[in-house]
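Notes for the one structure printed next.
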Amino acid sequence: MTLPVQVDAEPRSITAELAAWPARRWLFAIGTAVATVLVVGIPTDLIPNPVFGRDIPPTAWSWPVLILTAVLAGMVAATYVARKDTPDRERGGKLGAAGAFMTFFAVGCPVCNKLVLLALGYTGALQFFAPVQPFLAVGSIVLLAAALIVRVRRERSCPVPA
């Protein structure tokens with residue numbers, strides 16, 4: 001059984017939609033953000049640990065990118081938490097997953113990544129991959145922001161009959 005879709009006369013802004021989120025969505029967003037920081041920060045050694053290491057110190061923008069990515073990833077993940085006032089329908093979209101995945105490469109050590117080392121070698125990783133990392137960081141943030149905007153806007157849209 002599906003609930004009737006409530007369509008607003010005027011579409012609400014993104015901030016108005018976010019303000020209407022229930023507490024469980026915000027808790028899920030916070031939990032996902034913390035998990036994202038840990039899942040990306042530990043293997044890239046932004047969070048010092050005895051298992052992983054870095055040959056090259058992190059860049060000045062690594063932590064801000066990781067935190068912004070974590071916040072956006074948490075909010076995108078929270079859009080998958082069902083609300084009582086909206087029907088459960090197909091929830092497509094790969095932008096958020098691609099954005100979160102790109103962050104791992106953006107903030108990681110360019111010569112510690114085995115895939116990059118195999119493809120480019122040590123010198124190639126420093127000469128070719130390291131300069132691309134800031135663009136990967138911006139791309140990951142843009143993808144996550146786009147995913148969030150699309151998901152929040154689509155949530156209250158009227159479904160088209162098949």
Side-chain angles (χ1 to χ4, degrees), residues 13-84 86 88 90-155:
S13 69
I14 300 292
T15 54
E17 284 292 337
L18 295 177
W21 277 10
R24 68 188 190 129
R25 271 197 173 180
W26 286 110
L27 290 172
F28 191 81
I30 291 167
T32 303
V34 169
T36 301
V37 168
L38 294 174
V39 166
V40 174
I42 290 174
T44 59
D45 201 38
L46 288 176
I47 299 173
N49 63 82
V51 178
F52 297 100
R54 286 182 82 102
D55 292 340
I56 296 174
T59 59
W61 49 263
S62 292
W63 269 107
V65 166
L66 179 56
I67 290 170
L68 186 55
T69 296
V71 168
L72 288 170
M75 292 175 72
V76 169
T79 64
Y80 288 89
V81 174
R83 285 173 37 163
K84 291 179 171 62
T86 58
D88 188 27
E90 185 178 328
R91 302 179 184 255
K94 309 272 188 272
L95 295 176
F101 185 71
M102 281 176 55
T103 301
F104 185 80
F105 289 102
V107 300
C109 171
V111 295
C112 301
N113 186 318
K114 303 301 182 227
L115 295 174
V116 174
L117 276 180
L118 284 173
L120 302 174
Y122 190 90
T123 304
L126 288 174
Q127 287 181 333
F128 300 113
F129 185 68
V132 172
Q133 285 181 297
F135 297 106
L136 290 175
V138 170
S140 69
I141 291 168
V142 167
L143 286 174
L144 282 164
L148 178 63
I149 290 168
V150 166
R151 297 225 13 105
V152 170
R153 281 189 179 159
R154 192 182 296 171
E155 189 168 49

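Starting from 1, each residue takes its place in the sequence as its number.
- Between Leu72 and Ala145, the closest heavy-atom pair is CD1-N, 4.1 Å.
- Expressed to the nearest 0.5 Å, how far CH2 of Trp63 lies from CG of Leu68 amounts to 13.5 Å.
- Nearest approach of Ile42 to Asn49, heavy atoms of both residues: O-ND2, 2.9 Å.
- Contact record, Arg25 with Ala78: NE-O, 3.2 Å, taken as the closest heavy-atom pair.
- Among the candidates Pro64, Ser140, Ser62, the single residue satisfying the side-chain contact (heavy atoms from CB on, under 4.5 Å) test with Val107 is Ser62.
- Minimum heavy-atom separation, Val81 to Arg24: CG1-CZ, 3.9 Å.
- Counting only heavy atoms from C-beta outward, the side chains of Ile149 and Ile14 approach each other to under 4.5 Å.
- Considering all non-hydrogen atoms of both residues, Pro58 and Leu46 come closest at CB-CD2, 3.4 Å.
- A heavy-atom distance below 4.5 Å is not found between the side chains of Thr59 and Gln133.
- Separating the OG1 atom in Thr103 from the CD1 atom in Ile141 is a distance of 7.0 Å, to the nearest 0.5 Å.
- A side-chain donor-acceptor contact under 3.5 Å links Arg54 to the backbone of Thr44.
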Requested in this report: Carefully, step by step, assess Ile56 and Leu126 under the rule side-chain contact (heavy atoms from CB on, under 4.5 Å).
Outcome: CA-CA 10 Å; Ile56 296 174; Leu126 288 174; 3.1 Å; yes
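- Inter-residue side-chain proximity for Thr79 and Trp21 is flagged as met; some heavy-atom pair is nearer than 4.5 Å.
- Residues Phe28 and Met75 form no side-chain contact, since every pair of their non-hydrogen atoms from C-beta on lies 4.5 Å or further apart.
- For Ala73 against Leu144, the heavy-atom pair with the smallest separation is CA-CD2, 4.1 Å.
- The side-chain heavy atoms of Phe129 and Leu136, taken from C-beta on, include a pair separated by under 4.5 Å.
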